[in-house]
There are 2 protein chains.
Amino acid sequence: MSLRYALLALLSVEPMTGYDLYKEFESSVGHVWHAPDSQIYPELRRMEKDGLLEGEEVVWGQRGKKRQYHITEAGTAAFRDWMNGTLEYSRVRDPAHLKAAYLEWAEPEAAREQMRAHIRHHTAQLEQWREKVREIEQGTSPMLTRRLATLPASEHSKTTAFKKFTYQGLIARAEQEIAWAQQGLALIDELYPAG
Amino acid sequence: MSLRYALLALLSVEPMTGYDLYKEFESSVGHVWHAPDSQIYPELRRMEKDGLLEGEEVVWGQRGKKRQYHITEAGTAAFRDWMNGTLEYSRVRDPAHLKAAYLEWAEPEAAREQMRAHIRHHTAQLEQWREKVREIEQGTSPMLTRRLATLPASEHSKTTAFKKFTYQGLIARAEQEIAWAQQGLALIDELYPAG
DNA sequence: CCCGACATGTAAATGGTTACATGATTGC
DNA sequence: GCAATCATGTAACCATTTACATGTCGGG
């Protein structure tokens, strides 16, 4: 149910359309939470029905229209409650580590490729997250800039610090995953000396 | 669809009943992949229908019976194919980091509690995984012992090494998460000096 | 004889993915 | 006029969770 709270987080800054939100999920929030448009539009309708949002039709061009949502009092309260409550941690479900545990079944070259794919995947994420930290530090993050504009100056350091802290955690995790996969490559070389 | 392969991995060692597998998911494999009994039983039926497994009724006591599954040639091939193929990485969906990014919305004490919960969660996992590594090193892991018994001595080091490698990766990740949450606690103290 | 472990499911709901479908607008 | 982007959905499917349901066995 975190999608709902990811949407509330974004809509707490300013009113947006489903498409605006979808774009955010492809870039900024998408680095912590992903959702396709087909999940966003119905969820917005449900949230409106539940009183967390209010949507209004906005004219767009000559014949077009779009639906812009803004957060309600109840929506703000729900988000605050979620933030103050405790998160349930779900049980482990990790395909990469499941596979790693049985790597003796794979051909040495396939095992190596698995490790390289792990490195590629986490390197790509690392770059995105490092870019995010750079944007936060330089004040060039559009979403953060708009957020700060709605807050008193005394709140700026907190808002900025928590965003940076989040991305630094993700960066450290990605670096760890890369280091692990590199150990994996070394291990494979050790176990299959000729291959 | 990794549940299917987690089941094949276990059944590659020896025939088991749904309940045996469920027990394994509560302990050994459960540390990399969790599944409830209500997911295991139907999946075994589907895998049997797909020719990956064969089940036979085994008498159990006077009136009781149980269904024991053993892996087929096709099942072994499917598992090997999965091991030699490449894994799809799914998009990020991380409630703990989503929440961390908006921690300025939470009461300072709730923010601290979130970080402490993160530490508690990963500390608990860390202990389980360290125990697993200890069992592997000392040769007291029942599942691994049975697995090794089916293999020539020349294969023992590989099988053992990959299991240990897997758990070491999970341990490093948990340690990183704990370190991150501790930085979070320090950050909260810094941002809310009086609270 | 009772209790905890063994044994096997079904049903409903939730959350998420993939595919399909459609149409308007803006900029070149 | 065409393409890329803006805009909004539905439908089918798959994976997973939670709740319910039932019965046997073995040890004390």
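Within every chain, numbering begins at 1; the chains are lettered A, B, ... in the order of the sequence lines, protein sequences first and strands thereafter. Note that the structure is a prediction, hence the values are computed from the model and not measured.
- Checking the phosphate oxygens (OP1, OP2) of D:dT8, no side-chain nitrogen or oxygen of A:R67 falls inside 4.0 Å.
- For B:N84, the side-chain hydrogen bond (donor to acceptor under 3.5 Å, both in side chains) criterion is met by no residue, not counting sequence neighbours.
- Between A:I40 atom CD1 and D:dT8 atom C1' there is a gap of 12 Å when expressed in whole angstrom units.
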B/S/- contact track for nucleotides 15-25 of chain D, protein heavy atom under 4.0 Å: SSBBB----BS

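- Here A:H34 pairs with nothing under the ring pair (Phe, Tyr, Trp, His ring centres under 6.0 Å) rule; sequence neighbours left out.
- Between the CD atom of B:E56 and the C1' atom of C:dT8 there is a distance of 17 Å, given to the nearest Å.
- With sequence neighbours left out, the ring pair (Phe, Tyr, Trp, His ring centres under 6.0 Å) criterion links B:F162 to no other residue.
- In this structure, CD of A:E26 is placed 14 Å from C1' of C:dT17, rounded to the nearest angstrom.
- Put simply, the side chain of B:Q125 does not reach to within 4.5 Å of the side chain of B:L170, judged on heavy atoms.
- Residues from residues 6-24 of chain B lying near DNA chain C, meaning a heavy-atom separation below 4.0 Å, are B:T17, B:G18, B:Y19, B:D20, B:K23 in numerical order.
- Between A:Y41 atom OH and C:dG16 atom P there is a gap of 18 Å when expressed in whole angstrom units.
- Around the CD atom of B:E175, the shell of radius 6.0 Å holds more than 12 heavy atoms that belong to other residues, nucleotides or ligands.
- Pairs engaging residues 11-21 of chain A under the side-chain hydrogen bond (donor to acceptor under 3.5 Å, both in side chains) rule: A:E14-A:R146, A:T17-A:D20 [sequence neighbours left out].
- The side-chain contact (heavy atoms from CB on, under 4.5 Å) check on B:Q128 picks up B:H31, with sequence neighbours excluded.
- Straight-line distance from the OH atom of A:Y5 to the C1' atom of C:dG15: 14 Å, rounded to whole Å.
- For B:Y5, the ring pair (Phe, Tyr, Trp, His ring centres under 6.0 Å) partners two or more places apart in sequence, or in a different chain, are B:W82.
- Distance, A:L44 CG to D:dT8 C1': 11 Å, rounded to whole Å.
- Rounded to whole Å, the distance from CD on B:E57 to P on C:dA7 is 13 Å.
- The ring pair (Phe, Tyr, Trp, His ring centres under 6.0 Å) test applied to B:W33 returns no partner, not counting sequence neighbours.
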